[in-house]
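Here, residue 1 is the first one in the sequence, and each next residue gets the next number. Order of appearance sets the numbers: ligands from 1, and atoms from 1 within every ligand.
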Amino acid sequence: MGEPFQQFDGHEQVVFGRDDDSGLRAIIAIHSTRLGPSLGGTRFYPYADDTAALTDALRLSRAMAYKAAAAGLDLGGGKAVIIGDPATAKSEALLRAYGRLVESLGGRYITACDVGTYPADMALVARETRWATGADPVEGGSGDSGVLTAYGTFIGLQACASELWGSPSLGGRHVAIQGVGKVGRRLAAYVHEAGGKLSVADTDASAVEWCAGQFGAEVVGTEKIHAVDADIFSPNALGAVINDDTIGELQCRVVAGAANNQLADPRHGEALADAGILYAPDYVINAGGLIQVADELHPGGYSEERARARAAGIGDRLRAVLALARSDGVTTAVAADRFAEARMAAVGGLRRFWLPS
Ligand code: NAI
């Protein structure tokens, strides 16, 4: 079987859409609507071919289903890909054609920003469909989802501190942050405010200089940040940073950050556990952004206060996952999957094939 078929995992629906006038070619994958409408961002990317695009849509939509379930949201998992180079292919006509494709699903798929799409794009998509989130506040959206992603990640760091050191306080703790972009620089601010010590690395020199100036952070080379002798290593840039090359060099007690797919392979979760390093499963700790955009669906509109309160629940959910790992004798990553699957089974049995009212 070819590559995309390996990614099929009981997906409920996959839609191929095209609009020749604007050049739109898109795939929307709905993994599941068992817990509610599927929500996930739109990735605009110059895929090598349609197979690569389909593989990505299938893989990412499944991951969104697990993230939403673990976050306790009444949402399923979906993801869309637009095939093309956003720098040259993106236009108002294309985004609006895409918005009509999303609308045609009647709310079974709700979109948001992802790699290659921004709040201004969502504002255009939203002119054609009710089922778009992530536009700027002036357009009725909640704006940059890095805000609550960083907050939820910080709450997760505190939960890890409680687990290991008996107190959520990060005062005096040393946190090494890889990537100080939209999420990482806000996380750095929280850690600094809590009295923690920071080391930071980023390929963007101005980003690390800003952190050094604002928070007294020590600047470290990008190839060295994972190996800093810190209490916590926090990946907030790339996926697959816990791999065969890095794992032996870690000196931290905790790996906890917002980057998606931090483990290059599931066996790296076992290797972390064997080394006595606590791993906060990525999709549990980085759900703040999803919680933020999901709140836009509230009948009364987005409330940052309500969304922030829900993101604070990441602490309790992470503690539940860590407890499950202990009781089942499995890695924290495996426990996260079991935690999500338990919610899908318990609550998702109530409804299938979600239809908008
Ligand atoms: P961003 O693009 O604003 O920041 C990423 C930063 O990493 C940039 O400053 C970039 O220069 C830096 N970087 C790139 N390569 C690097 C390297 N080799 N070493 C060190 N730094 C490097 O992205 P954002 O929004 O801050 O997201 C960070 C991570 O969190 C990503 O993996 C993203 O997928 C994930 N995430 C983000 C969410 C959000 O709401 N923004 C939600 C859930 C996950």
>> The test is side-chain hydrogen bond (donor to acceptor under 3.5 Å, both in side chains); show your working for His31 and Ser38 and say whether it passes.
In response: CA-CA 8 Å; His31 179 267; Ser38 66; over 6 Å; no

> Does the side chain of Asp114 come under 3.5 Å of the side chain of Thr117 through a donor N or O and an acceptor N or O?
Replying inline: no

Would you mind listing each N/O atom of ligand 1 next to any protein N/O under 3.5 Å, plus the distance?
| from | atom 1 | to | atom 2 | distance (Å) |
| --- | --- | --- | --- | --- |
| ligand 1 | 3 (O) | Lys182 | N | 3.0 |
| ligand 1 | 3 (O) | Lys182 | NZ | 2.9 |
| ligand 1 | 9 (O) | Asp202 | OD1 | 3.4 |
| ligand 1 | 9 (O) | Asp202 | OD2 | 2.7 |
| ligand 1 | 11 (O) | Asp202 | OD1 | 2.6 |
| ligand 1 | 11 (O) | Thr203 | OG1 | 3.3 |
| ligand 1 | 26 (O) | Lys182 | N | 3.1 |
| ligand 1 | 26 (O) | Val183 | N | 2.8 |
| ligand 1 | 30 (O) | Ala258 | O | 3.4 |
| ligand 1 | 32 (O) | Ala237 | O | 3.0 |
| ligand 1 | 34 (O) | Asn260 | ND2 | 3.2 |
| ligand 1 | 40 (O) | Ser145 | O | 3.3 |
| ligand 1 | 40 (O) | Ser145 | OG | 2.7 |
| ligand 1 | 40 (O) | Thr149 | OG1 | 2.8 |

>> Before you tell me yes or no, could you show the steps for Ser61 and His11 under side-chain hydrogen bond (donor to acceptor under 3.5 Å, both in side chains), namely the whole-Å CA-CA distance, both residues' side-chain angles and the distance that decides it to 0.1 Å?
In response: CA-CA 9 Å; Ser61 59; His11 284 71; 3.1 Å; yes

>> Checking Thr203 against Thr222: is there a side-chain donor and acceptor pair closer than 3.5 Å?
In response: no

> Regarding His226 and Glu249, is there a side-chain donor-to-acceptor distance under 3.5 Å anywhere?
Replying inline: yes

> Between Asp136 and Tyr118, is any side-chain donor less than 3.5 angstrom from a side-chain acceptor?
Replying inline: no

